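What follows is a single structure, written as structure tokens, with notes after it.
Predicted, not measured: the structure shown is a model, and the values here were computed from it. Atoms within each ligand, like the ligands themselves, are counted from 1 in listed order. Note: hydrogens, waters and symmetry copies are ignored here, and every other heavy atom, side chains too, is used.
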Amino acid sequence: MNKGVLALLIHGGTDNWSPQRWQARFTEACGDRPVVLLPDAALDPAEVHYAAVWKPVPGELAGFPNLRVIFNLGAGVDALMADKTLPDVPLVRVAVDDLTARMTEYVVLHVLMHHRQELYLRQSQRDKRWAPKYQWPAAAIGVGIMGLGTLGTDAADVLKRLGFRVAGWSRSAKQIDGVECFHGAAQLDAFLQRTDILVSLLPLTADTRQILNRNVFTKLNRTSPLGAPVMINAGRGGLQNEADILACLDDGTLGAVSLDVFGHEPLPADSRFWTHPKVVLTPHNAADTDADAISRYVGAQIARFEQDGALENMVDRKKGY
Ligand code: NDP
Ligand code: OXD
């Protein structure tokens, strides 16, 4: 083989995300580069120059002496960062318009659902109860987005255009037109105090683990038209303290939550989240992405990398995202 192999280490996908479907797509996206699905006993590990991975088993990437780049087939890299044997080569994550647009749809859907009192209205319909409540305008609601990266910035832009008072919180300082920007631990409280609907689009790192906890929820705006603040988490389950969420829903610290991600996925059948009346849950599908778009993105990055060594959306290993 004269071109370095692109090895696919893909576990856990079904249907459209099955390993075989990925192999067909990458074969199309990568021209004449050999694309090999692992495990493959016939493959010489020294021939592997690139790896595209989804949920690889820790240690699985360590056996390729000529590996140049690892492509994670999702945006979040927390699972890879936990692998202490991860080779010290550039790690690239997915940031494609298709993923971003789908996440923005999810965030806008859930912000509007709580803002427009949909839980109450659907229950009224089931009860055949004609009892409209006062509906405040979007401008009455402060939406606070934790994480102003690729996803948070796009969601902020659309929510702002709908009329919400949007703020964001990030690690480093930012300036975004029409979005009140906060950063760092020192500005977290001020960000929370003006927030009625908290949206989490953070990566899971040592600094953000369990950041969505009672201490944070109690600092959200207590005089919101919503009655009590709402939390929406589409980042990672490890960001949230699940016992705190349930206790805060039960005692009124939180009015409702939308959760796309959980500490244990699939969510166990005995979890209280399934049946809690103030919980809207989805099975980690907020941003199910067009797999063809991801394959083309990886194919284009490899082609450019071989031309001039440039890569986009590289993970900063020190920061962990
Ligand atoms: P980015 O890396 O582009 O953005 C991350 C943002 O979080 C940045 O603004 C960063 O700040 C901020 N941040 C990180 N650490 C901290 C911290 N300690 N304190 C304050 N802010 C912090 O990521 P994306 O927007 O692309 O994705 C975000 C996450 O969304 C992913 O990591 C993944 O876990 C999740 N995700 C979930 C999906 C789903 O289907 N549910 C789909 C896709 C992604 P700064 O800008 O200063 O670096
Ligand atoms: C991702 C995800 O990180 O789907 O891309 O969760």
Note, [X] side chain near [Y] side chain (heavy atom, < 4.5 Å):
X	Y	value
Val111	Val199	yes
Arg194	Arg165	yes
Pro225	Ile141	yes
Val69	Phe305	yes
His114	Ile232	yes

Are any of the N/O atoms on [X], whether in the backbone or the side chain, positioned under 3.5 angstrom from an N/O atom of ligand 1?
X	result
Leu99	no
Leu148	yes
Asn285	no
Asp78	no
Val261	no
Ser172	yes
Arg93	yes

Please report which non-hydrogen protein atom sits nearest to [atom], along with the residue it belongs to and the distance in Å to one decimal place.
atom	value
atom 38 (C) of ligand 1	Met103 CE, 3.4 Å
atom 17 (C) of ligand 1	Thr208 CG2, 3.9 Å
atom 8 (C) of ligand 1	Gly149 N, 3.7 Å
atom 27 (O) of ligand 1	Leu151 CD1, 3.4 Å
atom 37 (C) of ligand 1	Ala234 O, 3.0 Å
atom 15 (N) of ligand 1	Tyr321 CE2, 3.7 Å
atom 11 (O) of ligand 1	Arg171 N, 3.1 Å
atom 7 (O) of ligand 1	Pro203 CD, 3.3 Å

Treating [X] as the side-chain partner and [Y] as the backbone partner, does any N or O pair qualify as donor plus acceptor under 3.5 Å?
X	Y	value
Glu242	Gly263	yes
Thr289	Ala291	no
Gln23	Val35	yes
Thr195	Ile197	no
Asp154	Thr104	no

Inset, instruction - Kindly assign one of parallel, tilted or perpendicular to the pair Trp17 and Trp22, based on the angle between their ring planes and the thresholds 30° and 60°. - result: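 Correct class here is perpendicular.
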Extract all N/O-N/O pairs under 3.5 Å that connect ligand 2 to the protein, and present each with both atom names and the distance rounded to 0.1 Å.
residue	atom	partner	partner atom	Å
ligand 2	3 (O)	Ala75	N	3.2
ligand 2	3 (O)	Gly76	N	2.8
ligand 2	3 (O)	Arg236	NH2	2.7
ligand 2	5 (O)	Ala75	N	2.7
ligand 2	6 (O)	Arg236	NH1	2.9
ligand 2	6 (O)	Arg236	NH2	3.4
ligand 2	6 (O)	His284	NE2	2.6

Would you check whether [X] reaches within less than 4.0 Å of ligand 1, judged by its heavy atoms?
X	answer
Lys174	yes
Leu202	yes
Gly235	yes
Leu204	no

Inset, instruction - Begin with the C-alpha distance, continue with both residues' side-chain angles, and end with the deciding distance and a verdict on side chain to side chain contact (heavy atoms under 4.5 Å, CB included) for Phe71 and Ile294. - result: CA-CA 10 Å; Phe71 294 94; Ile294 296 178; over 6 Å; no
Legend entry - Matching residue for Tyr50 among Arg33, Lys3, Gln301, Glu306 - test: side chain to side chain donor-acceptor pair (under 3.5 Å):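 Considering Arg33, Lys3, Gln301, Glu306, a side chain to side chain donor-acceptor pair (under 3.5 Å) with Tyr50 is found only for Glu306.
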Legend entry - Option among Asp292, Asp15, Asn16 that satisfies the side chain to side chain donor-acceptor pair (under 3.5 Å) test with Arg21: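 Single side chain to side chain donor-acceptor pair (under 3.5 Å) partner of Arg21 among Asp292, Asp15, Asn16: Asn16.
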Inset, instruction - May I have the step-by-step check of ring pair (Phe, Tyr, Trp, His ring centres under 6.0 Å) for His115 and Phe164, ending in yes or no? - result: CA-CA 10 Å; His115 159 62; Phe164 291 100; 5.0 Å; yes
Legend entry - ligand 1-proximal atoms of Asp260, by part, heavy-atom distance under 4.0 Å: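 Side chain only.
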Can you list the ligand 1 atoms lying under 4.0 Å from a non-hydrogen atom of [X]?
X	value
Asp207	18 (N)
Ala75	43 (C), 44 (C)
His284	39 (C), 40 (O), 41 (N)

Inset, instruction - For Arg272 and Asp250, run salt bridge (charged side-chain N to carboxylate O under 4.0 Å, His left out): C-alpha distance rounded to whole Å, both residues' side-chain angles, the deciding distance at 0.1 Å, then the answer. - result: CA-CA 11 Å; Arg272 277 189 68 210; Asp250 291 342; 3.0 Å; yes
Inset, instruction - Is it possible for you to say whether Trp54 and Val36 belong to one hydrophobic cluster, with membership spreading through side-chain heavy-atom contacts below 4.5 Å? - result: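 Cluster IDs for Trp54 and Val36 differ.
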